[in-house]
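Take a look at the structure below.
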Amino acid sequence: MRKKIVAGNWKMNPNYPEALELLHYLNNNIPREHYNVDILICPPFIYLSEAQKLFNRTDIYLGAQNASSYTNGAYTGEISASMLKSMRINYVIIGHSERRQYFGENEEVLAKKIKLCLQENVIPIYCVGETLEQRNANEQFDIVEKQISGALFDLSAEQINKIIIAYEPVWAIGTGVNASPHQAQEMHMFIRNLIMNKYDDTISRELIILYGGSVKKDNANELFSMPDIDGGLIGGASLKGEEFVSIINTTKNIVNK
Ligand code: PGA
């Protein structure tokens, strides 16, 4: 059975006092009984250590939003997977569409990042998704296949077992327009089949695939109830404590798949 995950991606938000306030709110208000759902918060790097000190509970995980494609050394401004590991940060978002779009990250670089994270036992949440133009041209499956095969298919079965994939259609990120549960399910099933064809049925059945793109408390339950959707990667709504907690609460009646 796959576990469900509700993850918050704060992106380059907010400033320090607001971050402290939000962390306090989450620490105090995320329900302790969260029904087989793992909660993950991915704040900017500089708040990770503070968040770690502040969370006086072990049921909220922390993740980073990026890691370097280099191991260590003279790479000014970079943060390595081994640094994350040494801080006990066990998750990292890799290949978010904003990294691809604004920082030129391609599958070749992302494959390196993923391998370094896996070497350090930091779990990569690998993001894929098509733009609106690509969907309008009906290229979404080709694009996602290329993103997955290009960055993941060199991994061994043991390594791919540790990966989480997030399907985040670019046209749904921060726009208020989420993929319909049907559209998301269709792509999640496609991704699961890609993994099955390349690896095997057990690996594909156990792969956690999150949906991201304008998830809110009003659409979370319907999306996360779909057979191949195992939770969400949440941007904007994760910056509002109450909304994020409501999203967590909507998952309580969803059975594990
Ligand atoms: P959004 O972002 O929830 O604000 O659409 C999701 C993401 O980019 O991870």
Side-chain angles (χ1 to χ4, degrees), residues 4-14 18-19 22 26 30 37-45 47-48 51 61-67 89 91-105 110 113-114 117 123-135 140 143-144 147-148 151 163-181 183-185 187-188 191 208-224 226 229-251:
K4 297 189 289 273
I5 298 180
V6 172
N9 172 14
W10 289 12
K11 310 193 180 184
M12 200 169 70
N13 301 292
E18 291 160 343
L22 182 53
L26 297 173
I30 287 179
V37 183
D38 279 0
I39 312 297
L40 175 65
I41 313 286
C42 303
F45 287 123
Y47 305 142
L48 281 168
Y61 296 97
L62 286 167
Q65 298 174 17
N66 185 24
I89 302 299
Y91 291 87
V92 60
I93 300 170
I94 296 288
H96 190 283
S97 63
E98 288 148 17
R99 302 286 326 163
R100 294 176 191 262
Q101 184 181 350
Y102 302 120
F103 303 95
E105 296 189 359
L110 298 171
K113 293 186 175 205
I114 288 168
C117 291
I123 300 171
I125 302 176
Y126 177 58
C127 301
V128 296
E130 79 286 357
T131 63
L132 184 59
E133 213 178 22
Q134 290 161 341
R135 180 161 280 264
Q140 65 272 27
I143 294 295
V144 168
Q147 292 169 335
I148 291 201
I163 298 258
I164 295 171
I165 293 179
Y167 170 55
E168 300 205 305
V170 180
W171 48 271
I173 295 178
T175 58
V177 183
N178 58 287
S180 70
Q183 284 171 320
Q185 164 59 26
M187 185 60 84
H188 283 228
I191 293 171
I208 297 172
I209 311 177
L210 307 180
Y211 167 78
S214 296
V215 175
K216 308 180 243 344
K217 67 174 189 287
D218 301 337
N219 59 22
N221 180 276
E222 213 190 340
L223 283 160
F224 301 169
M226 300 308 279
I229 302 184
D230 304 311
L233 181 54
I234 295 140
S238 74
L239 293 168
K240 300 177 211 138
E242 240 176 279
E243 174 93 12
F244 190 64
V245 168
S246 302
I247 291 172
I248 294 169
N249 285 330
T250 66
T251 63

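Every number for a ligand or one of its atoms is a count from 1 in the order of the listing.
Rounded to the nearest 0.5 angstrom, I208 CD1 and D230 CG are separated by 6.5 Å.
Near ligand 1, residues N9, K11, H96, E168, A172, I173, G174, G213, S214, L233, I234, G235, G236 each place a heavy atom inside the 4.0 Å sphere around the ligand atoms.
Although no hydrogens or angles enter the test, the distance criterion places a donor-acceptor pair under 3.5 Å between the side chain of Q65 and the main chain of K11.
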Would K113 and E105 count as a salt bridge (charged side-chain N to carboxylate O under 4.0 Å, His left out) here? Give the steps. CA-CA 10 Å; K113 293 186 175 205; E105 296 189 359; 2.8 Å; yes
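Donor-acceptor pairing under 3.5 Å is lacking for the side chains of Q183 and Y211. Side-chain contact, S246 with E243: no donor N or O sits under 3.5 Å from an acceptor N or O. Side-chain atoms of E168 and H96 include a donor-acceptor pair closer than 3.5 Å.
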